[in-house]
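Here is the structure we will look at.
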Number of protein chains: 2
Amino acid sequence: MTEVTDRISRRQVDKFGERRAQLATSALRTLSELGYARTSLREIAQNSEFSHGVLHYYFRDKVELITYCVKLYKAECVTRYDQIVATARSADQLRTDFAQALATTCDEDGTMHRLWYDLRNQALFEENFREDVLEIDQTLELMIWRIVSTYGELSGTPITVSPSTAYGLFDGLFQQALLRNLAHQPNALTDLRTGVEQTLPKLLIR
Amino acid sequence: MTEVTDRISRRQVDKFGERRAQLATSALRTLSELGYARTSLREIAQNSEFSHGVLHYYFRDKVELITYCVKLYKAECVTRYDQIVATARSADQLRTDFAQALATTCDEDGTMHRLWYDLRNQALFEENFREDVLEIDQTLELMIWRIVSTYGELSGTPITVSPSTAYGLFDGLFQQALLRNLAHQPNALTDLRTGVEQTLPKLLIR
DNA sequence: CGAAGTTCTTGACACTCGTCAAGAGTTTCT
DNA sequence: AGAAACTCTTGACGAGTGTCAAGAACTTCG
């Protein structure tokens with residue numbers, strides 16, 4: 001019996017890696033639908049074109065699969081907001097674009113983001129998840145900081161909070177809107193927008 | 001076979017209700033230890049002085065038990081921060097007291113709060129939980145607002161964000177600190193304090 | 001005391017879960 | 001071509017789940 005890690009290292013043309021990614025994509029779809037607590041390997045396999053046994057051919061166990069999924073998810077998230085920074089001409093434009101982007105993401109990719117929060121919450125209980133979750137959190141923090149610091153530069157005024165604090169603030173607003181929007185509260189998205197638009201200028205000096 | 005609801009209504013001396021609360025307390029302890037995803041009724045019973053069957057004598061099913069737990073938890077949370085409002089003499093004192101209280105709660109009652117976030121996250125997936133979760137969220141929002149609005153009054157300056165936004169901001173900071181503190185990051189609590197202390201004044205006008 | 005009602009335990013049920021081994025099917029290479 | 005390696009399916013396993021029914025243990029009250 002060959003080990004999973006052996007299979008990974010042996011292949012040059014990485015069909016093995018491609019299938020892993022494919023299965024992980026199916027897993028992500030299922031996870032975002034059901035949440036971590038109710039997602040089983042059989043359910044994941046059923047939402048793919050393979051049978052449940054194959055998962056143990058490509059992943060050592062459930063933890064490795066989920067961990068891989070989380071990392072895959074991160075790759076998708078990272079570069080999403082950077083275009084806003086790139087195209088912004090004024091502080092005010094950046095401000096409204098950012099608020100609008102968050103609202104759109106909340107509405108359109110809500111199911112994917114609730115999965116992220118679900119997994120981040122698992123890290124509160126399962127030590128295994130913490131390292132990966134904190135790494136993704138760090139990436140998101142940097143993403144937010146690129147926005148916030150650019151906003152400061154465009155305003156000609158320094159930012160008065162740490163990257164970590166800035167991330168915490170906007171993440172809180174986003175998560176709140178996510179729940180309320182899923183619960184069909186009509187004001188969820190506009191509240192998010194105005195909340196973000198009001199908060200951003202407050203991070204400037206005094 | 002008598003229905004659960006019948007048993008509730010029949011008793012005047014509410015031994016039935018007391019036992020419900022007792023079992024729910026055990027359940028809360030277990031839930032805060034293991035998280036929603038890994039807590040079973042047998043585990044709950046094992047952490048109580050009763051056997052697993054009794055849970056179905058006092059609760060219709062698992063959902064009713066968990067829901068009852070969440071409501072019980074809310075009752076404990078509600079009045080905790082109001083003394084800070086009551087004893088504050090100056091805006092600055094309120095500011096540091098509030099920041100300190102959040103840090104202390106994060107450190108000492110971290111396991112209980114991770115349960116709250118866990119259940120709130122379940123509401124992102126399970127519709128059944130949403131009503132109760134949103135109700136608790138509302139209560140917490142009001143609690144935060146009592147702090148923030150008092151801070152505004154003590155400063156003689158109006159607050160420029162909605163209660164909902166204020167709650168989202170501080171909740172984000174708290175949640176971030178909770179994860180980092182559980183992961184034994186040394187700066188988690190001081191970062192929370194300074195984050196809160198820096199944010200609060202920014203909610204005042206201009 | 002003894003009957004009636006209440007509370008709790010025990011054990012079973014149908015089911016789902018993660019895991020794994022045996023082997024069939026497929027591709028790759030000589 | 002045939003052998004070897006890889007990929008995937010099938011079916012089983014033991015463990016754990018929520019639920020429930022039968023009845024033991026206990027309390028209440030005539």
Side-chain angles (χ1 to χ4, degrees), chain A residues 1-27 30-31 33-69 122 126 128-129, chain B residues 1-27 30-31 33-69 122 126 128-129:
Chain A
M1 177 60 177
T2 33
E3 280 296 314
V4 172
T5 51
D6 296 347
R7 278 195 288 271
I8 298 173
S9 57
R10 202 160 30 227
R11 292 302 224 109
Q12 294 93 328
V13 195
D14 201 8
K15 282 191 71 170
F16 192 78
E18 285 173 18
R19 178 84 358 128
R20 266 167 77 94
Q22 182 186 356
L23 288 169
T25 304
S26 289
T30 308
L31 280 163
E33 204 70 34
L34 300 179
Y36 176 80
R38 296 190 300 177
T39 297
S40 68
L41 296 181
R42 283 173 170 81
E43 193 82 30
I44 290 172
Q46 209 151 14
N47 284 16
S48 79
E49 43 181 337
F50 302 100
S51 66
H52 67 273
V54 81
L55 289 168
H56 279 86
Y57 183 75
Y58 288 97
F59 299 94
R60 193 186 310 111
D61 55 14
K62 195 183 182 183
V63 171
E64 196 194 73
L65 168 60
I66 304 278
T67 303
Y68 185 90
C69 284
Q122 288 307 310
E126 293 193 43
N128 294 334
F129 284 3
Chain B
M1 177 64 177
T2 32
E3 280 296 314
V4 171
T5 50
D6 296 347
R7 275 195 289 272
I8 298 173
S9 57
R10 200 158 33 224
R11 293 301 224 106
Q12 296 92 328
V13 194
D14 200 8
K15 281 191 70 170
F16 192 79
E18 286 173 20
R19 176 84 359 126
R20 267 168 76 95
Q22 181 187 358
L23 288 169
T25 303
S26 290
T30 308
L31 281 164
E33 204 72 34
L34 300 178
Y36 175 81
R38 298 189 300 177
T39 298
S40 68
L41 296 181
R42 283 174 171 80
E43 193 82 31
I44 291 172
Q46 209 150 14
N47 285 16
S48 80
E49 44 180 337
F50 302 100
S51 67
H52 66 272
V54 82
L55 289 168
H56 278 87
Y57 183 73
Y58 288 98
F59 299 95
R60 193 186 311 108
D61 55 15
K62 194 183 182 181
V63 172
E64 196 193 74
L65 168 60
I66 304 278
T67 304
Y68 184 90
C69 283
Q122 288 307 310
E126 292 193 44
N128 294 336
F129 284 4

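Just so it is clear: chains get the letters A, B, ... in the order the sequence lines come, proteins before strands, and each one is counted from 1. Both backbone and side-chain heavy atoms feed into the values below; hydrogens, waters and symmetry mates do not.
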Of the candidate nucleotides dT7(C), dT19(D), dC20(C), which contains the atom at the shortest distance from the side chain of Lys62(B)?
dT19(D)

So which one's nearest nucleotide on DNA chain C is more toward 5', His52(A) or His52(B)?
His52(B)

Using a 4.0 Å cut-off on heavy atoms, which residues in residues 40-51 of chain B reach DNA chain D? List them by number, or say none.
Ser40(B), Leu41(B), Arg42(B)

Of all pairs that satisfy side-chain hydrogen bond (donor to acceptor under 3.5 Å, both in side chains), the ones with a partner from residues 43-55 of chain A, not counting sequence neighbours
Gln22(A)-Glu49(A), Thr30(A)-Asn47(A)

Sequence neighbours left out, what passes side chain to side chain donor-acceptor pair (under 3.5 Å) with Tyr36(B)? Give chain and number order.
Glu126(B)

Leu55(B) atom CG is separated from dG18(D) atom P, nearest whole Å, by 10 Å

Rounded to the Å, how far apart are Phe59(B) CZ and dT19(D) P?
13 Å

Summarise how protein sits on nucleotides 23-30 of chain D as a single string, 5' to 3': B when a protein heavy atom is under 4.0 Å from the base, S for sugar-phosphate-only contact, - for no contact.
--------

Starting at CZ of Arg38(B) and ending at C1' of dC17(C), how long is that distance when rounded to a whole Å?
15 Å

Over 60° means perpendicular and under 30° means parallel, so classify the ring planes of Tyr57(B) and Phe16(B), tilted if in between.
perpendicular

Tell me which nucleotide among dT19(D), dT19(C), dT7(C) gets nearest to the side chain of Phe16(B).
dT7(C)

For Asp61(B), the side chain to side chain contact (heavy atoms under 4.5 Å, CB included) test, sequence neighbours excluded, returns Val63(B), Glu64(B)

Non-neighbouring partners of Phe50(B) that pass ring-ring contact (aromatic ring centres under 6.0 Å, His included), sequence neighbours left out
none

